[in-house]
Enquirer: 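Would you mind keeping the following structure in view while I ask a few things?
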Amino acid sequence: GKKLTINGSTMKIQPNKKERTSHRMKDIAIKENHLYNKAYRNGERASQKHVNVYVLRDWGAKRQMLANPEKKYINRIGLSVSKKIGGAVERNRVKRIIRAGLCEARAYGELKTGYLIVIAAKVGAHEASSKDIAAELIHAFERLKMYRTAKPTENTENTQAEAQVK
């Protein structure tokens with residue numbers, strides 16, 4: 001940010017939203033218990049050493065998209081850390097580690113949108129680092145086919161069509 005000096009005191013000014021370059025919408029948290037239950041019951045699961053990842057198509061995604069100022073589909077993310085992990089301090093630490101790992105997993109590749117994603121911590125997750133969790137989330141998202149793949153260009157489609165004609 002910029003610094004502003006008034007009457008000898010220096011204040012730091014935060015840039016407004018237009019000046020920010022890497023703006024990304026904040027995730028919408030899953031707040032309703034029935035959505036967690038749906039993801040557990042009907043979603044696809046990828047089990048790792050420290051986390052389980054559940055993914056389910058979000059049928060309320062269109063409503064969320066229309067409410068979104070950018071008019072884009074977004075994922076709803078839920079973190080589940082049980083009391084088996086430890087006290088409140090340890091559970092909150094695990095949630096912070098999982099959020100950091102999720103940011104790293106997103107940096108690895110673009111996730112598909114319009115899904116409910118529930119990340120449930122397993123016992124022993126408090127001993128893992130954010131790098132460990134990130135590697136597990138990347139592996140889980142790859143197994144669940146959550147990363148967007150490159151779309152074929154028109155040239156490859158035309159050459160395939162020409163090959164079939166010949």
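Quantities reported herein were computed from a predicted structural model and do not represent experimental measurements.
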Enquirer: Do the side chains of V123 and Y54 join up, straight or via other hydrophobic residues, at under 4.5 Å, putting them in one cluster?
Expert: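 Per the 4.5 Å side-chain linkage, V123 and Y54 are not co-clustered.
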
Enquirer: Honestly curious: do I97 and V118 fall in one hydrophobic cluster under the side-chain, below-4.5 Å linking rule?
Expert: no

Enquirer: Are I28 and I77 linked, directly or through intermediate hydrophobic residues, by side-chain heavy-atom contacts shorter than 4.5 Å (ILVMFWY only)?
Expert: no

Enquirer: Determine the sole option in V89, V81, I85 for which the side-chain contact (heavy atoms from CB on, under 4.5 Å) test with H126 is passed.
Expert: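 That would be I85.
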
Enquirer: If you apply the rule side chain to side chain contact (heavy atoms under 4.5 Å, CB included), what do you find for R76 with I117, and how did you get there?
Expert: CA-CA 6 Å; R76 291 199 270 179; I117 301 172; over 6 Å; no

Enquirer: With rounding to the nearest 0.5 angstrom, report the NE2 to CG distance, H34 to N37.
Expert: 9.0 Å

Enquirer: So which atom in V53 and which in A140 form the shortest heavy-atom distance, rounded to 0.1 Å?
Expert: CG2-CB, 3.7 Å

Enquirer: Would you say L79 and L116 are hydrophobically clustered, going by side-chain heavy atoms of ILVMFWY under 4.5 Å?
Expert: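 No, L79 and L116 fall in different hydrophobic clusters.
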
Enquirer: For a side chain to side chain contact (heavy atoms under 4.5 Å, CB included) check, start with the C-alpha distance between R106 and L111, then their side-chain angles and the critical distance, and finish with the verdict.
Expert: CA-CA 7 Å; R106 279 202 177 113; L111 290 174; 4.1 Å; yes

Enquirer: Scan side-chain atoms only and decide if S80 and Y40 contain a donor-acceptor pair under the 3.5 Å cut-off.
Expert: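 Yes, side-chain donor-acceptor contact under 3.5 Å.
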
Enquirer: I need the M65 CE to K62 NZ distance, nearest 0.5 Å.
Expert: 5.5 Å

Enquirer: Once you round to the nearest 0.5 Å, how far does CD of Q64 lie from NZ of K72?
Expert: 16.0 Å

Enquirer: Taking all heavy atoms of Q48 and all of E136, pick out the closest pair and write down the distance.
Expert: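 Shortest heavy-atom separation between Q48 and E136 comes out as CB-OE1, 3.4 Å.
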
Enquirer: Got V55 and M146 here, is their nearest side-chain heavy-atom distance under 4.5 Å?
Expert: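 Result yes, sub-4.5 Å side-chain heavy-atom pair found.
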
Enquirer: Please check if atom NZ in K31 has more than 12 non-hydrogen atoms from other residues, nucleotides or ligands closer than 6.0 Å.
Expert: no

Enquirer: If I compare all heavy atoms of A105 with all of L137, which pair ends up nearest, and what's the gap?
Expert: CB-CB, 4.1 Å

Enquirer: Any idea which heavy atoms bring A134 and E104 closest together, and the distance?
Expert: CB-OE1, 3.5 Å

Enquirer: Quick one: does Y36's side chain have a donor or acceptor within less than 3.5 Å of a partner on I30's backbone?
Expert: yes

Enquirer: If you look at every heavy atom in R45 and N52, which pair is closest and at what distance?
Expert: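 Heavy-atom minimum between the residues: CD-CG, 4.5 Å.
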
Enquirer: Go through the steps to decide whether S82 and R91 satisfy the test side chain to side chain contact (heavy atoms under 4.5 Å, CB included), and finish with yes or no.
Expert: CA-CA 8 Å; S82 75; R91 290 197 307 271; over 6 Å; no

Enquirer: Going only through I, L, V, M, F, W and Y residues with side-chain contacts under 4.5 Å, is there a path from L102 to Y147?
Expert: yes

Enquirer: Can you check side chain to side chain contact (heavy atoms under 4.5 Å, CB included) on L56 and K38, steps first, answer last?
Expert: CA-CA 8 Å; L56 181 66; K38 273 185 187 177; 3.9 Å; yes

Enquirer: Answer yes or no: is there a donor N or O on one side and an acceptor on the other, between the side chain of D132 and the main chain of A128, under 3.5 Å?
Expert: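 No: the side chain of D132 does not pair with the backbone of A128.
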
Enquirer: Can you list the residues that meet the side-chain hydrogen bond (donor to acceptor under 3.5 Å, both in side chains) rule with N75, with sequence neighbours excluded?
Expert: none

Enquirer: Return the set of residues passing side-chain hydrogen bond (donor to acceptor under 3.5 Å, both in side chains) with T113 (not counting sequence neighbours), or none when no residue passes.
Expert: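 By the side-chain hydrogen bond (donor to acceptor under 3.5 Å, both in side chains) rule, T113 matches R148.
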
Enquirer: Compare every heavy atom of K122 with every heavy atom of K49, then report the nearest pair and how far apart it is.
Expert: O-CD, 3.4 Å

Enquirer: Ring centres under 6.0 Å, that's the criterion: do Y73 and Y115 meet it?
Expert: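 No.
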
Enquirer: If you round to the nearest 0.5 Å, how far is CZ of R57 from NZ of K112?
Expert: 8.5 Å

